[in-house]
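One structure is given below, encoded as structure tokens.
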Amino acid sequence: MSPPQLNKTYDPQDVEKRWGQFWIDHNLFTPKIEGPEHAYAIVIPPPNVTGSLHIGHALNSTLQDILIRWKRMQGHKTLWLPGTDHAGIATQNVVERQLMAEGSSREHIGRQAFIERVWKWKEQSGDTIIEQLKQLGASCDWSRQRFTLDEGLSQAVREVFVALYDEGLIYRGERLINWCPRCLTALSDIEVEHETVKGKLYHIHYPVKEKPDSFLTIATTRPETMLGDTAIAVHPEDPRYSHLIGKYIDVPLTTRTIPIVGDSILVDREFGTGAVKITPACDFNDEEAGKRLNLPSKSIFDHRAQIDTELFEPEDIDSDLKNRIHGKSEQEARKLVVEALENNEFLQKVEDHTMAIGKCYRCKTVVLPYPSPQWFVKIQPLADPAIEAVESGKIRIIPDSWKGNYFGWMRNIKDWCISRQIWWGHQIPAWYCTACNIDHLHFSKNPHASQQDQTTPLEASTMSGFIASDAIPIVSRITPTACSRCGGSDLRQDPDVLDTWFSSSLWPFSTLGWPNNHVDLKTFYPTATLVTGLDILFFWVARMIMMGLKFTKGVPFRDVYIHALVRDAEGQKMSKSKGNVINPLTKMQEYGTDALRFTLASMASPGRDIKLAEGRIEGYRNFVTKIWNAARFIALYGDGARKALPVSARSFADQWILSRLNHTIRDCTHYLEEYRFDHATSALYQFLWHEYCDWYIELVKPAFHDPQSEDAQSTRHTLFESFEIIQRLLHPFMPFLSEELWQAFPHSGTSIVTQPFPLEEKDWDSQTIEQDFHIFEQFVNASRTSRALLNCSPVQPMAFWGTSTSPQERTTLNTWKPYIVHLARGTVTLTETDTWSTQNVLRLVMGSITVGTTIDQEIDLQRAVARLQKQAQEKHKEATRLQARLASKNFTDKAEPDVIRESQTRLTALNEELALLASSEAQLSSILG
RNA sequence: AGGCGGAUAGCUCAGUUGGGAGAGCGCUGCCUUUACACGGCAGAGGUCACAGGUUCGAUCCCUGUUCCGCCUACCA
């Protein structure tokens, strides 16, 4: 096969399109199930079906793809299983917005039609992010793509739900939950984001019953909730108040009298006034206290977070206030209440107060603690084994430092609210017999009645909130047709759907065919590695571990690699509203996908966020171009016979680059094993640019320029051989460029995708050659510095002398002389300094090497003098330090012998260098007069 | 409030059995020398946040402080 013709410039877009399609056409990402090889599987963190590729996905997917391509090349049965999740609330929002634009609504068209509509949307737009992942080069097995609402995955969801219910680990109960009054659904604790805000602390006088003119003053941040107060609490050991416990108090603005109770858990004596109102229906802590103290709970808000006076007892509050406050939002209600308190002189003072409020993580609406019946997972029995799995090392979390976070959360975990009052998702497999639950189902009380078309079909508008918490559900894997208690056939399914994360928690095994005994499950489970961002450690990772352990009797994955979050160059979180979003697709177009991938991998240092500056992508684009141009060079001189010689028979340059390449293979493999993507990319960059291109390619040129060269055939072989290995080494990081080159150069096989990852060749290592190279490199560098100091152009031939203080190095210089002549450009005389010209010679020192040049033109030698002086100064400083150290008895008594010897050796070398530098400077000074 | 992480060159970051401080980008100077100006060559640039401690010796280990970030959280 003849060497390729490569275009002058690399066109990433063309290349990416071609090979992206080629890989898919040739089914290269689908593993072969049979065979003895080890399996290596990763399940993708399923992006939202509504999503489009953002930079976090790009990082996450790049890292997974590097691992997967690497393992695939190493010969494992490699599966990267892709897919999306149905993202209940987000997806429903998308379609609801469409309906709104059409002047319709989901309530208007009804549940079934709405769900059909969402499916239609999914068919049309749901694969956006999948297509974008393909563009990124993600080598997923697309034939196994999954969606959380697929039939198989839904079967898994139902199986898990029923099994947990039967075991008592799923239950339905009424309590305060986080309610988003915009999404109109319950949220789990971790779907609430806490934000610090500047609020007010209101001090309010509550008159003590039967003690006129006596007040108990409480402090609150939410004065409007006093309308739902059912007690006032003080600390039982607080001398200021303890005598009041058992007495009663009048709630201002109402006709209600409530008890004063003692509670040491709720009350912090130091905070506020030391007295706190209890509103069990409005606050999680108050709810707890209410349960402890057997207090009633009085709701005041409706599901839209508006005051609903219908919930109040008749004549309970001032009728004027009652009329004005009905239907008001929290903020408006607060204003009215504060005003009324002020007018009646109940308000003592208002202080500034910093506090945290909860917001819906999807829509940022302030979340309302809202009492309602919901489904929960009893979590502690699931969490305990999940803690153990990480403690015992059955699952590794990388970097290790996140383990603390994991344990902290798992040990304080609370029951998981899994029901959502939306329509898009897995509807809860629970049915209610209308006959048995006649008093517990209130389908007619439609809480949306005021908002909705009254003609809405009954079924569509029911909410789980109107199925009382004591209704008896029939929980079943298959849809029941008759009530097992009474035989009744009028069964209504619970209208709620499950939290999307419930189905996601089954992802590692539901996607592989569980609960059926699928061959994929047997082959690829447990998966090897899970790659994800910290933000979903709790949402997803922890829950997968719990569910995996519970239902598969094994861990879902062995390693969890947690990568950084990508921020902008200033370290700000990227957000649409800030306008600092970096769109990966745009960057892929501008710089090429390989450049973006390499950039992201290079910045993936553990435990640190990525501040992505555009300049970095540009830098790696340049790297891609550099490799391309190296390829062009090789192609240009590749035409001709190639001869494979044993390594020891090859040229010095060949031996050197093979030794360096071997190091790079070793390093790169090692770093990948450690998930050090940053080190792996930097090893590749350093080797390819600064060793392969800067030195090796320069060193082989003479062989090709000289038609008589004896080395040409062997060197040509080494050049091709090494470059082919480089392509394979590079492939996991730069799949497109490496494939383009691999296909262009002589090869056998379908694609680089399934070629073996480079292995070390032990006999390529040569410490001797590398040491020799170092001496040679110093000589060349000295000659180049001379050129720069003397203002000589790179092409102008110059005469150099050179030697070393070491006889061995003098031999080395002699054997490498042809290379020195080539790179120094000029004549090179290797003799002792006393034979050199004594006039007009600039002598530079690099370690043990001295290189001399004649000065044959009028130039400013001050720069040269300055350089020598500076070098001498630095060396002198170091020598002084070493001398002091060696003179110290403390050091010689206590330090390791190795360290002492090393210091002595170093000092000797420094002194030799200093002598050379002094001599050079003296010589130069004499020229200057 | 608690927990975790970070602070090293102008910028972004590496730097583990404690002993000579590094890379990329940017910057300065020279160079179009037929792989590459998205380039080559040569350079400049750092009290390793601050204060103590341990040690013969600390960017590294320990304690405290400051600043930044993140997570968790019931101080109304």
Side-chain angles (χ1 to χ4, degrees), chain A residues 6 8-10 190 194 201-202 218-222 225 233 265-268 270-273 275-279 283-289 353 355-356 399 401-402 404-405 408-409 412 534-535 537-538 565 567 569 571 573 591 595 599 602-603 605 607-616 618-637 676 678-679 682 685-686 689-690 693-694 697-698 701 781 784-789 791-796 825 863 867 878 881-882 885 888-896 898-900 902-903 906 910:
Chain A
L6 299 178
K8 178 138 171 81
T9 51
Y10 178 65
I190 50 179
H194 293 273
L201 190 62
Y202 301 85
I218 61 93
T220 180
T221 55
R222 298 172 68 199
T225 61
I265 299 173
L266 181 69
V267 181
D268 173 359
E270 311 298 316
F271 187 87
T273 61
V276 57
K277 63 196 220 44
I278 302 182
T279 325
D283 183 278
F284 292 103
N285 298 309
D286 291 11
E287 185 192 35
E288 296 274 308
H353 181 65
M355 56 186 200
S401 51
W402 296 121
N405 245 349
W409 189 71
N412 293 302
L534 179 68
D535 45 343
L537 181 63
F538 305 142
L565 299 178
R567 300 167 176 282
K573 213 167 182 168
Y591 299 107
T599 308
S602 77
M603 301 184 88
S605 299
R608 204 188 253 268
D609 280 350
I610 295 177
K611 292 187 203 171
L612 185 60
E614 185 144 357
R616 303 309 301 271
E618 196 183 337
Y620 289 115
R621 188 271 318 264
N622 296 351
F623 181 46
V624 170
T625 309
K626 186 78 180 174
I627 300 167
W628 180 254
N629 281 308
R632 289 181 57 228
F633 170 85
I634 296 167
L636 194 64
Y637 292 102
R676 288 307 300 257
D678 54 338
H679 285 171
S682 119
Y685 187 99
Q686 187 62 30
W689 199 313
H690 296 305
C693 291
D694 285 353
I697 287 186
E698 293 308 321
K701 282 178 180 175
N781 284 342
R784 285 169 171 170
T785 305
S786 305
R787 222 174 249 285
L789 288 171
N791 271 338
C792 290
S793 92
V795 278
Q796 186 183 341
R825 289 175 190 271
R863 275 169 63 215
R867 183 195 152 87
E878 200 189 331
R881 202 168 53 219
L882 281 169
R885 180 190 291 171
S888 152
K889 193 164 162 15
N890 267 332
F891 176 71
T892 47
D893 284 354
K894 294 176 184 173
E896 300 281 328
D898 275 0
V899 174
I900 299 172
E902 210 179 287
S903 296
R906 175 85 188 132
L910 278 171

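Computed over heavy atoms, backbone and side chain alike; hydrogens, waters and symmetry mates excluded. The model shown is predicted, which means the values in this text are computed figures rather than measured ones.
- Rounded to the nearest Å, the gap between the C1' atom of B:U17 and that of B:C27 is 39 Å.
- Between A:Asn791 and A:Arg863 there is a side-chain heavy-atom pair separated by less than 4.5 Å.
- The side chain of A:Val276 lies closest to B:A76, out of B:A76, B:C56, B:G19.
- Taking the P atoms as reference points, B:G26 lies 15 Å from B:U12, given to the whole Å.
- Going from atom CZ of A:Phe284 over to atom C1' of B:C74 covers 10 Å, rounded to whole Å.
- At B:G26, none of the side-chain N or O atoms of A:Arg616 fall inside 4.0 Å of OP1 or OP2 (strictly under the cut-off).
- Every residue two or more places apart in sequence or in another chain that forms a side chain to side chain donor-acceptor pair (under 3.5 Å) with A:Glu878 is listed here: A:Arg906.
- Taking atom P on both B:A44 and B:U34, the two are 29 Å apart, rounded to the nearest angstrom.
- A:Lys277 places a side-chain heavy atom less than 4.5 Å from the side chain of A:Thr225.
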Checklist entry - With the sugar-phosphate defined as primed atoms, P, OP1 and OP2, and the base as all remaining atoms, what B/S/- string results for nucleotides 33-46 of chain B, 5' to 3', for protein heavy atoms under 4.0 Å? => result B-BB-BSSSSSSS-
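- Pairing partner, B:A58: none, since no Watson-Crick or wobble contact has both distances short of 3.5 Å.
- For the C1' atoms, the distance linking B:A49 with B:C60 amounts to 15 Å, nearest Å.
- Both the sub-6.0 Å distance and the 45° axial angle are satisfied by A:Arg885 relative to the ring of A:Phe891.
- The side chain of A:His353 contributes an N or O atom lying less than 4.0 Å from OP1 or OP2 of B:A76.
- With sequence neighbours excluded, the residues forming a side chain to side chain donor-acceptor pair (under 3.5 Å) with A:Lys701 are A:Glu698, listed by chain and number.
- Going from atom CG of A:Asp898 over to atom P of B:U17 covers 14 Å, rounded to whole Å.
- The side chain of A:Arg885 lies closest to B:G19 when the candidates are B:A73, B:G19, B:A76.
- Across the protein-nucleic acid pair, A:Trp409 atom CH2 and B:C70 atom P stand 21 Å apart, rounded to whole Å.
- Residues A:Ile218 and A:Val276 are not in side-chain contact: their nearest non-hydrogen atoms beyond the backbone lie 4.5 Å or more apart.
- The 5' end of RNA chain B is approached more closely, in terms of each residue's nearest nucleotide, by A:Arg881 than by the other of A:Thr273 and A:Arg881.
- You'll find the side chain of A:Ile265 stays beyond 4.5 Å of the side chain of A:Glu288, heavy atoms only.
- Position along RNA chain B of the nearest nucleotide to A:Gln686 versus A:Glu878 favours A:Glu878 as the more 5'-ward residue.
- As the counterpart of B:A35, no nucleotide is assigned, since no Watson-Crick or G-U wobble pattern has both distances under 3.5 Å.
- As judged by a 4.0 angstrom heavy-atom cut-off over every strand, A:Ser682 is placed among residues making no nucleic acid contact.
- Distance from the side chain of A:Phe538 is smallest for B:C71 among the nucleotides B:C13, B:C71, B:U12.
- Scanning all heavy atoms of the two residues, the minimum distance from A:Ser605 to A:Asp678 falls at OG-OD2, 2.8 Å.
- Close to B:C25, at under 4.0 Å from its OP1 or OP2, lies a side-chain N or O of A:Tyr685.
- Between the CE atom of A:Met603 and the P atom of B:U12 there is a distance of 10 Å, given to the nearest Å.
- Distance A:Asn405 CG to B:G69 C1': 13 Å, rounded to the nearest Å.
- Following rounding to the nearest Å, A:Leu565 (CG) and B:G69 (C1') show an atom-to-atom distance of 11 Å.
- If you check every strand for non-hydrogen atoms under 4.0 Å, A:Leu6 touches nothing.
- Comparing B:G5, B:A76, B:C70 by their nearest atom to the side chain of A:Met355 picks out B:A76.
- Base pairing of B:U47: no nucleotide in any strand meets the Watson-Crick or G-U wobble criterion (both distances under 3.5 Å).
- Taking atom P on both nucleotides, B:G69 is separated from B:C13 by 14 Å, rounded to a whole Å.
- When A:Tyr591, A:Tyr685, A:Trp689 are each tested for a ring-ring contact (aromatic ring centres under 6.0 Å, His included) with A:Tyr620, only one passes: A:Tyr685.
- Taking atom P in both B:G5 and B:G22, one finds a spacing of 28 Å when rounded to whole Å.
- Without hydrogens or angle criteria, A:Arg787 side chain to A:Ser793 main chain gives a donor-acceptor distance under 3.5 Å.
- Nucleotides B:G45 and B:A51 place their P atoms 24 Å apart, quoted to the nearest Å.
- The partner of B:A14 is absent, by the rule that a Watson-Crick or G-U pair needs both atom distances under 3.5 Å.
- Rounded to a whole Å, the CZ atom of A:Arg676 is 11 Å from the C1' atom of B:C13.
- Remark: P of B:A23 and OH of A:Tyr620 are 13 Å apart, rounded to the nearest angstrom.
- Residue contacts for A:Ala275: at a heavy-atom cut-off of 4.0 Å it reaches a base atom on one of the strands shown.
- Straight-line distance between the P atoms of B:U16 and B:C68: roughly 28 Å, to the nearest whole Å.
- If you check B:C41 for Watson-Crick or wobble pairing at under 3.5 angstrom, you find it paired to B:G29.
- In this structure, B:G69 forms a base pair with B:C4, meeting either the Watson-Crick or the G-U wobble geometry with both donor-acceptor distances under 3.5 Å.
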